[in-house]
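Shown next, in structure tokens, is the structure this report addresses.
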Amino acid sequence: MSERKIDLTIEVDAPVEAVWRALTDGEELSRWFAPAARVNPGKGGTVWLSWGAGVEGEGRIEVWEPNRALRVSEGASFIDYLIEQRGSAVVLRIVHSGFGEDSSFDDQYESTLGGWSYFMFNLKHYLERHAGQPRHMISVRRKMSNTREDAWPELLHRLELKPQTAQPGGNYAMRLGDLYSGKVISIRPARSFVGTVKELNDGLLFIELEAGNKGWHCGVWLSVYGAQPNVEALERELSAVLISSTVPHEAP
């Protein structure tokens, strides 16, 4: 039986050294991956990532080959970053292995696949459109009291996201107090949505319904580069959307 793993590739129009730094420098990691990151470089070193209290972890660096390969172990799982120069572009391949084969791991696998699909695009978007610019991350995450299938259409309704039949490459609009619009990058119904946000300096929107050790969570994340957004107003709007559509009777 073949091992179950996530194997994704993306082409980035950036110097190979910039791609390597984006994977191995804490400040650079915070501009496309976790909002807080620290790296103790070299083989035997560590990578610490945090999305906030309770959503953080540290991995050990098993392979460190500058501009070529990085491997990080996290418990029983391994994440390989493989870099290849092809002409003026760089091809980055990410292989995440160590998932269990039985069906009890299906939700974890699907949630992780959705996350990596988003983060790889965020890396490309950052290096090609906003290289060197700090990122403002506006995010709200809530535990869900209903199923993903029930929460998804309600969430899109609360966001006034239109069209709800949006497809990758198409246009969409949503409302968070003000009206926002952009291009759909990817959509996995009842799991995740990724789109650009024109009005937030070509920022990124990521909506995810993810499995965790203590049940389902819904997260909405806005990555904004350059100009300082109205963080407090956007967080209030996001909180109102998630509390109304996912957990009307629970605290965060």
Side-chain angles (χ1 to χ4, degrees), residues 6-42 45-51 59 61 63-72 79-96 112-139 168-169 180-187 192-208 219-229:
I6 293 168
D7 191 337
L8 299 172
T9 300
I10 196 164
E11 186 174 289
V12 183
D13 186 10
V16 67
E17 294 83 3
V19 176
W20 176 254
R21 285 197 305 272
L23 300 174
T24 59
D25 177 85
E27 186 175 23
E28 285 291 284
L29 281 164
S30 73
R31 294 173 176 174
W32 68 273
F33 202 15
R38 294 193 301 267
V39 178
N40 180 16
T46 56
V47 178
W48 177 85
L49 304 169
S50 174
W51 282 266
I61 298 172
V63 174
W64 180 276
E65 298 179 13
N67 303 327
R68 292 185 54 202
L70 174 71
R71 168 177 269 208
V72 179
I79 304 170
D80 286 280
Y81 303 84
L82 306 171
I83 303 171
E84 180 184 351
Q85 183 83 53
R86 292 185 188 173
S88 61
V90 171
V91 174
L92 173 65
R93 180 184 176 198
I94 292 180
V95 182
H96 190 160
T112 307
L113 174 61
W116 273 124
S117 299
Y118 159 67
F119 287 122
M120 289 185 74
F121 180 81
N122 200 344
L123 172 62
K124 175 182 174 71
H125 188 74
Y126 163 63
L127 288 175
E128 293 184 352
R129 305 297 295 274
H130 302 288
Q133 295 183 351
R135 177 177 67 163
H136 304 286
M137 174 69 84
I138 301 100
S139 64
Y180 296 94
S181 62
K183 292 283 187 182
V184 179
I185 303 305
S186 68
I187 184 166
S192 63
F193 175 94
V194 181
T196 61
V197 187
K198 180 177 66 176
E199 292 80 7
L200 293 176
N201 192 31
D202 194 28
L204 282 183
L205 166 70
F206 179 42
I207 304 170
E208 64 171 343
V220 182
W221 316 79
L222 282 167
S223 294
V224 185
Y225 297 92
Q228 173 73 45

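Worth saying up front: this structure is predicted, and the values here are computed from it rather than measured. In what follows, every heavy atom counts, from backbone to side chain, and hydrogens, waters and symmetry copies are set aside.
Residue Leu123 holds its CG atom at 5.0 Å from CH2 of Trp32, rounded to the nearest 0.5 Å. Here Ser181 contributes atom OG and Lys198 contributes atom NZ; the two are 4.0 Å apart, rounded to the nearest 0.5 Å. Rounded to the nearest 0.5 Å, atoms CD1 (Ile185) and CG (Leu204) are 7.0 Å apart. Residue Glu11 holds its CD atom at 10.5 Å from CD of Glu84, rounded to the nearest 0.5 Å.
Arg71 pairs in a side chain to side chain contact (heavy atoms under 4.5 Å, CB included) with only one of the listed residues (Val95, Ile61, Val63, Ile79), which is Val63.
Between Phe33 and Trp51, the ring centre distance stays below 6.0 Å.
Counting only distance, with no hydrogens or angles, the side chain of Tyr225 and the backbone of Leu200 share no donor-acceptor pair below 3.5 Å. His130 contributes a side-chain N or O that, together with a main-chain N or O of Asp202, makes up a donor-acceptor pair within less than 3.5 Å. Glu199 places no side-chain N or O within 3.5 Å of a backbone atom of Tyr180 that could act as its donor or acceptor partner. Side chain of Asn201 to backbone of Gly203: no donor-acceptor contact under 3.5 angstrom is found.
Dense packing is recorded around CD of Gln85, with more than 12 heavy atoms of other residues, nucleotides or ligands lying under 6.0 Å away.
Between Glu17 and Arg21, no side-chain nitrogen of the basic residue sits less than 4.0 Å from a carboxylate oxygen of the acidic one, so the salt-bridge criterion is not met.
Lys183 is linked by a side chain to side chain contact (heavy atoms under 4.5 Å, CB included) to Asn171, Thr196, counting only residues two or more places apart in sequence or in another chain. Shown here are the side-chain hydrogen bond (donor to acceptor under 3.5 Å, both in side chains) partners of Thr9, two or more places apart in sequence or in another chain: there are none.
For the residue pair Ser223 and Met137, the shortest heavy atom distance occurs at OG-CE, 3.7 Å.
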Verdict with reasoning, Tyr126 to Glu28, per side chain to side chain donor-acceptor pair (under 3.5 Å): CA-CA 10 Å; Tyr126 163 63; Glu28 285 291 284; 2.8 Å; yes

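Between Tyr118 and Phe206, the ring planes are parallel. Angles under 30° get that label, and only those over 60° would be called perpendicular.
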